[in-house]
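Okay, so here's the structure we're looking at.
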Amino acid sequence: MELFFLGTSSGVPSKGRNVSGIALRRANSKSWCLVDCGEASQHQLLHLPLSLSQLDTLLITHLHGDHCYGLPGLLASASMQGRSAPLRLVGPADLWPWLQATCAYTHLHLSFALEFHPLESLQAPLMLAEFELSACPLAHRVPSYAYVFCEKRLPGKLDEAKLRHSGIPAGPLWGQLHRGERVEWQGQHYHGHDFILSPRAPRRVIISGDNAEPSCLAPLLPADLLVHEATYSEEVLAKVGPGPMHCSAARIARYASQAGIPNLLLTHFSPRYQRPSGPLSIQALQQEAAAVYAGRLLLAEDLRHYRLTPEGQLQRGESYRPRALKTGPDVPGSLPESG
């Protein structure tokens, strides 16, 4: 499973971080999902190996602007690019009238249908192209939700030792057996299900909206990976107070440890964390979380790819962040090279 972060900032963008957006897909699949769509999400997508024509489902966690203001523009671009396949849209019920009003007042006419699924009436897992989707409500100033993506259609691997013992040569016959077909070899008939090992357990990834109470995630457990906000450090959260209803790095890390979640990926950082070191640095948030969490811990970066391996290990992948344009040292207005 692969994740691409379009933005990791809370509330407003900073020079190095856009507001919220996370793309998720199965490895080697063109179909993908987008969780949240902050302003400029479609611009961030230009740097990633993802196509709007292959977007399967768009999910909004809650109706704060840094999580949804990019939605109308992204839909308009998909339409202008000629998308015709229906698009599944999931989110709080109030998302639909807001989007309909925006389309009406801006005369936005889409070339494809939107299939809206309000979270308040979601009674059973929703079947997406590659995942089973469930959700649960969180603690925030407006209705906010977390999603769990459970991969489906896991193929079992071929029992190669058994195939060799049976004398069936590697090649097209193995492919037919892997597809569950019946084959004949040297006068003997073999069926695919006799050579398929039991598939591994499906991986489960939780992507959470803004949430002040980590225990709200309990209905979605267990999980192989939790993506959650760490808007503040514990010290800053104490100064800010409970009003914003956000989480600290320490609180979510402590919960992930107690819940036995092996991988934790933090995001949604307050733009106050800009300094290279000290209490107002991203490193301070990482150190706070690491002090109470012994699993695999990463802090998300914009335009960075992350991978959850079949064995359930979180890995940091390629960065798609563009380098600053260099026009030459003697050209007025030239941009410096990025460090």
Side-chain angles (χ1 to χ4, degrees), residues 1-5 8 20 22-29 32-33 35-36 59 61 125 128 130-136 138 145-157 197-231 233-234 247-269 282-301 304-319:
M1 297 171 77
E2 298 177 307
L3 298 94
F4 301 84
F5 280 77
T8 58
S20 293
I22 305 171
L24 173 70
R25 72 179 182 186
R26 289 271 291 272
N28 303 315
S29 174
W32 60 287
C33 300
V35 179
D36 284 336
L59 310 99
T61 61
L128 311 184
E130 298 285 356
F131 304 100
E132 292 184 11
L133 176 79
S134 299
C136 74
L138 303 172
Y145 291 82
Y147 297 105
V148 60
F149 297 83
C150 181
E151 59 184 341
K152 63 181 186 180
R153 296 197 306 272
L154 286 180
K157 291 185 177 181
L197 298 170
S198 298
R200 58 172 170 77
R203 290 165 295 177
R204 294 169 60 87
V205 173
I206 296 175
I207 299 180
S208 176
D210 292 1
N211 178 36
E213 296 292 341
S215 61
C216 292
L217 299 166
L220 301 182
L221 296 176
D224 299 280
L225 168 63
L226 171 61
V227 181
H228 197 279
E229 65 144 305
T231 305
S233 65
E234 191 66 26
C247 197
S248 72
R251 292 186 187 186
I252 190 57
R254 185 175 295 110
Y255 178 80
S257 179
Q258 295 168 350
I261 301 173
N263 299 284
L264 179 60
L265 187 50
L266 300 181
T267 186
H268 199 267
F269 310 116
I282 292 296
Q283 288 74 19
L285 295 177
Q286 183 165 15
Q287 291 168 3
E288 178 177 288
V292 294
Y293 180 73
R296 175 65 166 161
L297 170 68
L298 292 176
L299 273 66
E301 305 169 36
R304 171 75 72 175
H305 165 240
Y306 298 86
R307 179 172 179 260
L308 185 66
T309 69
E311 297 75 28
Q313 182 182 21
L314 179 64
Q315 298 177 342
R316 181 188 285 109
E318 180 180 357
S319 173

For a side chain to side chain contact (heavy atoms under 4.5 Å, CB included) check, start with the C-alpha distance between Thr61 and Asp210, then their side-chain angles and the critical distance, and finish with the verdict. CA-CA 8 Å; Thr61 61; Asp210 292 1; 5.8 Å; no
Distance from His268 atom NE2 to Phe5 atom CZ, nearest 0.5 Å? 12.0 Å
Atom pairs and distances, donor-acceptor, side-chain atoms in residues 216-230, under 3.5 Å, two or more places apart:
| residue | atom | partner | partner atom | Å |
| --- | --- | --- | --- | --- |
| Asp224 | OD2 | Arg204 | N | 2.8 |
| His228 | NE2 | Asn211 | ND2 | 3.2 |
| Glu229 | OE1 | Thr231 | OG1 | 2.4 |
| Glu229 | OE1 | His246 | ND1 | 3.3 |
| Glu229 | OE1 | Cys247 | N | 3.1 |
| Glu229 | OE2 | Asn211 | N | 2.7 |
| Glu229 | OE2 | His246 | ND1 | 3.1 |

Would you name the heavy atoms of Leu298 and Arg316 that are closest together and state the gap between them? CD2-NH2, 3.2 Å
Spacing of OH belonging to Tyr293 relative to CD belonging to Gln286, to within rounding of 0.5 Å: 12.5 Å
Please give me the minimum heavy-atom distance between Ala289 and Leu266, naming the atom from each residue. CB-CD1, 3.9 Å
One pair to check against side chain to side chain contact (heavy atoms under 4.5 Å, CB included): Leu24 and Tyr147. What are the steps and the verdict? CA-CA 12 Å; Leu24 173 70; Tyr147 297 105; over 6 Å; no
Taking the side chain from Asp36 and the backbone from Ser20, do they hold a donor-acceptor pair closer than 3.5 Å? no
Exercise: identify the closest heavy-atom pair between Gly312 and Asn263: O-ND2, 2.7 Å
How far apart are the closest heavy atoms of Ala253 and Leu264, and which atoms are they? CA-CD2, 3.7 Å
Can you tell me how far the CZ atom of Arg307 sits from the CG atom of Leu3, to the nearest 0.5 Å? 12.0 Å
Please determine whether side chain to side chain contact (heavy atoms under 4.5 Å, CB included) holds for the pair Ile207 and Val205, giving the CA-CA distance in whole Å, both sets of side-chain angles, and the decisive distance to 0.1 Å. CA-CA 6 Å; Ile207 299 180; Val205 173; 4.1 Å; yes
About how many Å separate OG of Ser215 and CG of Leu138, when rounded to the nearest 0.5 Å? 10.0 Å
Drop me the distance from Ile282's CD1 to Thr8's OG1, to the nearest 0.5 angstrom. 7.0 Å
Write down the atom of Ala300, the atom of Tyr306, and the distance for their closest heavy-atom approach. CA-OH, 3.4 Å
Leu128 and Cys33 have their tightest heavy-atom pair at CD1-SG, 3.9 Å
Any carboxylate oxygen within less than 4.0 angstrom of a Lys/Arg side-chain nitrogen, looking at Glu151 and Arg26? yes
Excluding sequence neighbours, so at least two apart, what forms salt bridge (charged side-chain N to carboxylate O under 4.0 Å, His left out) with Arg296? none
In Å and rounded to the nearest 0.5 Å, what is the CD to OG distance from Glu288 to Ser233? 5.5 Å
Do any N or O atoms from the side chain of Lys152 and from the backbone of Pro202 form a donor-acceptor pair under 3.5 angstrom? no
Hey, are the side chains of Leu314 and Leu265 touching, using non-hydrogen atoms and a 4.5 Å cut-off? yes
Test Trp32 against Glu2 for side chain to side chain contact (heavy atoms under 4.5 Å, CB included), laying out the working first. CA-CA 9 Å; Trp32 60 287; Glu2 298 177 307; over 6 Å; no
